[in-house]
Amino acid sequence: MMFSAPSVVHGALIGTIVLVAAMAFVGRSPAAPRGLTLFAIAFALHVTRYLLLLSMPLLGGPLALVLAEASHAGSGVVMLAATAMELRRPPPRRTLFALWVGMVAALAVGLPLVGEIATAPISLFVGAVMMAAAAAFWLRARKAPGAGYRAVAVLLALWGLHKWDAPWLMQVEWLRPYGFMVSEVLAIGLGVALLLASDRERRYAEMEARRRSEGLLRLQGEAMEATANAIFITDRAGRIEWSNAAFTRLSGWTGEEARKRGARRLLMGGERDRRFQDALEQGRVWRGELSLRRKDGTLYIVDQTVTPIADDKGRVAHYVVVQEDVTERRQAEERIRFLSNHDALTALPNRLLFREHLQRAIARAKAERSSLGVLFLDLDDFSHYNDVLGHDGGDRLLLQLVERLMSAARGVETLGRVGGDEFAVVLTGGGEAAAEMAQTLLAAVAQPFDLDGHEVQLGASVGIALFPLDGGDAETLMKNADVAMYRAIHEVSNGYRFFAPAMDAELAARRRMEGDLRRAAIRGELVLHYQPIVRVNDRRIIGFEALVRWNHPEDGLIPPGEFIPLAEENGLIGPIGEWVLIEACRQAALWIKDGLPPVPIAVNLSAVQMKRQDLPMLVRRILAEAGLPPGRLELELTETAMMDDPEAAGRVLADIEAMGMGLAVDDFGTGYSSLGRLKRFPVCKLKIDRSFVSELAENQSDRAIARAIVSLAHALELTVVAEGVETEAQFAILAAEGCDSVQGYLFSPGVPAEQAAELLRKGGF
């Protein structure tokens, strides 16, 4: 069969148009080759070439041929850019443009000289580019096996080979139609192959996406089922459609029992919260705390997040509810918050809260132009009963006393415990009402107490200060009532005294004590006792706490609770604290020299000392003079001492920690800070206050607090020491809760250095 050149050119034109359309359609797919749009443009230039070849009779042979081959060269340049894009190596546009201009210029010069054979370099160039494109699609076939890109690569390679033999085919008149026919077949085949490959790749990508989506959904479902937080999903009406195992553990309702139940109470608790309602109605996320009831009726507290889920039309269709059980945490926080303002044993307001109550009462009295009475009650020689009865017996005696005082002091403004054996009362009225209340309180104290079948007789003294006669603010009234109480202690047995400006004797005694305290270190009256710190898991001594005592030449051994507050009030704590540091470091260095195990000694820092910006320099000098490694000294400070000025404290503690010393927080739980705030400081140890330990075996709340402190401290990589451990039961509970070490009378009280050295030689208990 014979073909005419124009008819075959028409066929090649139509085939290339089909190819361009196929490439344009395939190029819309997200998974399509990157340069497919450029490939479409390149073959569109092929279409232009065929159109120009068909218009040769109109434009004239040479001009039409130049324009046609210029389009041919342009298709090769664009195809080169598309291939480079597929390989992620796009060449500069200027280079491509220069290449096209060079080929067109060579064609324009060569065509008059050598005739149609001048088009051969362009055909060879386009063929080479097609071979490169075939290689690019072959690489793509390796990434998407089964899609059919190998067929595309083969067709492109065949077309490239055909481009290489086309210049010589065109030289034979009767072969020209067959050359165009080959181009037509390859163009149509390439278009069909691209459509098939793209469709297969799209379906493969969708299948993979669906498989990944299903796997992700399955993984998400398993994660939601396994999570520790309770999760349930409700419809728009609030009926539960799904819940996880944690929800069943928390609420007591199984998935079947919870399904289709109304969840309004679970969502909102017992009260209606308008902000919660508004959030749900507006499709916003809501978070808050709720108190809920389990299936068995017990209460629990959750931190709840409710997230609306919209449907395809943008309307809320479901709610996803996540509940975190914070019952124990909130109870522990409430307990710590309560104990920061209340006495741990009696639950009465402590000195800080009592002062606040008194200040409010003064404000009301000023507004009403009325009087107030402030009474301070001190038990006579209560430390004797502590020694005889033990601390447990002394605590029980105090609890009986508080019951009587609360019964006797009905109608008063405030009753508080402002010291170990000191109580304070605020009542409205003048001197007569205060005197009557003092007599009532003294009578209540004087009645015998029954303690395990033993009769215990207590005595007390009361000091009274009146507002506005004896002071216009809480501090002044409390100080004057305290002075009056000291006068009563020394002047009357089981009596009371009103404050009078002439009470100089008490002030003189206070000044005498202050003067004696100023000279105590110089006279060698201060001594250090050392209480061992014992590791829980093997009962080995891992350190000592240095405890200062004042061996007064007249008053005997005075515990720190009696003179340290006075030293802090009058600025004497600085010299005393420096002496304690020097003596503790000297003793620690001496023990190392004697060959004893090198354990650290802990020294308490006061709030006043923490305010010294030169504290790091002082500690460094003392260590150097004693020849003690920094790791053998540990500094303890209270929460209050750190929180008075957190920024300054942070700088001081950072400098001390950089020396290599350990930092511990003493009496944790009795101040007003939290672990969240303490984590800003470079502390490594927490000491649980003895008030949480004393009733550990009997009080589940104290045990929960200890557990919470140990857990949170370990989460922050802090070690935990429990103070005041006096019984094996307390020790066993602390060991079970993961406490690291303890100190207390169970092992040893504070002892002089010689006895401490003997304990250290033994190594443990």
Side-chain angles (χ1 to χ4, degrees), residues 340-343 348-378 409 412-431 433-434 437-438 441 461-489 496-514 517 561-574 606-611 638-641 643-645 670-672:
S340 68
N341 290 302
H342 294 79
D343 175 58
L348 292 176
N350 60 15
R351 179 178 287 270
L352 178 64
L353 186 58
F354 179 84
R355 183 186 295 113
E356 293 179 3
H357 287 182
L358 176 56
Q359 196 61 48
R360 287 198 290 268
I362 291 171
R364 288 196 303 271
K366 286 180 178 179
E368 298 170 0
R369 298 182 179 275
S370 59
S371 300
L372 287 176
V374 180
L375 286 69
F376 268 39
L377 181 148
D378 179 77
V412 302
E413 292 274 338
T414 301
L415 170 65
R417 186 183 181 190
V418 294
D421 55 0
E422 291 184 12
F423 298 87
V425 172
V426 179
L427 76 160
T428 56
M437 178 56 65
L441 295 175
S461 301
V462 176
I464 305 172
L466 300 176
F467 170 83
L469 180 64
D470 300 327
D473 59 78
E475 285 291 341
T476 303
L477 286 172
M478 291 175 66
K479 178 178 70 67
N480 291 341
D482 197 26
V483 170
M485 182 187 69
Y486 278 110
R487 169 66 69 89
I489 290 172
Y496 64 90
R497 284 287 182 268
F498 283 92
F499 174 78
M503 290 182 174
D504 294 331
E506 288 79 7
L507 295 176
R510 193 177 182 90
R511 292 192 186 100
R512 180 183 67 82
M513 187 177 187
E514 180 182 334
L517 191 57
E562 295 186 19
F563 67 87
I564 290 297
L566 177 63
E568 289 182 335
E569 291 176 12
N570 295 281
L572 297 175
I573 194 64
S606 71
V608 176
Q609 289 175 286
M610 280 297 302
K611 294 179 181 178
T638 63
E639 299 170 74
T640 306
M643 294 305 168
D644 281 347
D645 187 353
T670 60
Y672 51 83

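One-based numbering along the sequence shown. All of these numbers come straight from a predicted model, not from anything done at the bench.
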**Q** How far apart are the closest heavy atoms of Ser371 and Pro468, and which atoms are they?
**A**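 Heavy atoms of Ser371 and Pro468 come nearest at OG-CD, 4.5 Å.
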
**Q** Which atom pair, heavy atoms only, marks the closest approach of Arg497 to Ala484?
**A**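 The pair with the smallest heavy-atom distance is O-CB, 3.6 Å.
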
**Q** Side chains of Leu427 and Leu375: does their closest heavy-atom pair fall under 4.5 Å?
**A**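 In short, these two side chains touch, coming nearer than 4.5 Å.
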
**Q** Ignoring hydrogens and geometry, is there a side-chain-to-backbone donor-acceptor pair from Asn480 to Phe499 under 3.5 Å?
**A**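 Not confirmed, Asn480 side chain does not pair with Phe499 backbone.
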
**Q** Shortest non-hydrogen contact from Ile362 to Gly472?
**A**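 Where Ile362 meets Gly472 most closely, the heavy atoms are CG2-O, 3.8 Å.
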
**Q** Measure the spacing between CZ of Phe423 and CZ of Phe354 and express it to the nearest 0.5 Å.
**A**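 Rounded to the nearest 0.5 Å, the CZ-CZ separation comes to 12.0 Å.
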
**Q** What's the shortest heavy-atom distance between Ala434 and Ile464, and which atoms?
**A**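 Closest pair (atom of Ala434, atom of Ile464, distance): CB-CG2, 3.7 Å.
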
**Q** Which pair of heavy atoms, one from Ala361 and one from Val426, lies closest together, and at what distance?
**A**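 Shortest heavy-atom separation between Ala361 and Val426 comes out as CB-CG1, 4.1 Å.
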
**Q** Quick check: does any side chain N or O of Asp482 sit under 3.5 Å from a backbone N or O of Met478, one acting as donor and the other as acceptor?
**A**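 Absent.
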
**Q** Decide yes or no on side-chain contact (heavy atoms from CB on, under 4.5 Å) for Leu358 and Thr414, but give the supporting numbers first.
**A** CA-CA 8 Å; Leu358 176 56; Thr414 301; over 6 Å; no

**Q** Check each of Val425, Val374, Thr428 against Glu413 using the side chain to side chain contact (heavy atoms under 4.5 Å, CB included) test, and report the only one that passes.
**A**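 Single pass found, and it is Thr428.
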
**Q** Can you check side-chain contact (heavy atoms from CB on, under 4.5 Å) on Leu477 and Leu372, steps first, answer last?
**A** CA-CA 10 Å; Leu477 286 172; Leu372 287 176; 5.7 Å; no

**Q** With heavy-atom distances below 4.5 Å as the criterion, would you say the side chains of Ser606 and Ile564 are in contact?
**A**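 Ser606 vs Ile564: side chains apart.
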
**Q** Taking atom OG of Ser461 and atom OH of Tyr486, what is their separation to the nearest 0.5 Å?
**A**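 Answer rounded to 0.5 Å: 11.0 Å.
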
**Q** Roughly how far, to the nearest 0.5 Å, is the CG atom of Asn341 from the CZ atom of Arg351?
**A**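 So the CZ of Arg351 and the CG of Asn341 are separated by 14.5 Å.
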
**Q** For residues Leu348 and Arg417, report the shortest heavy-atom separation together with the two atoms involved.
**A**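 Reported closest heavy-atom pair: CB-N, 3.9 Å.
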
**Q** Tell me every residue that passes side-chain contact (heavy atoms from CB on, under 4.5 Å) with Asp421, counting only those two or more places apart in sequence or in another chain.
**A**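 If we apply the side-chain contact (heavy atoms from CB on, under 4.5 Å) test to Asp421, skipping adjacent residues, the hits are Asp378, Leu379, Phe382.
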
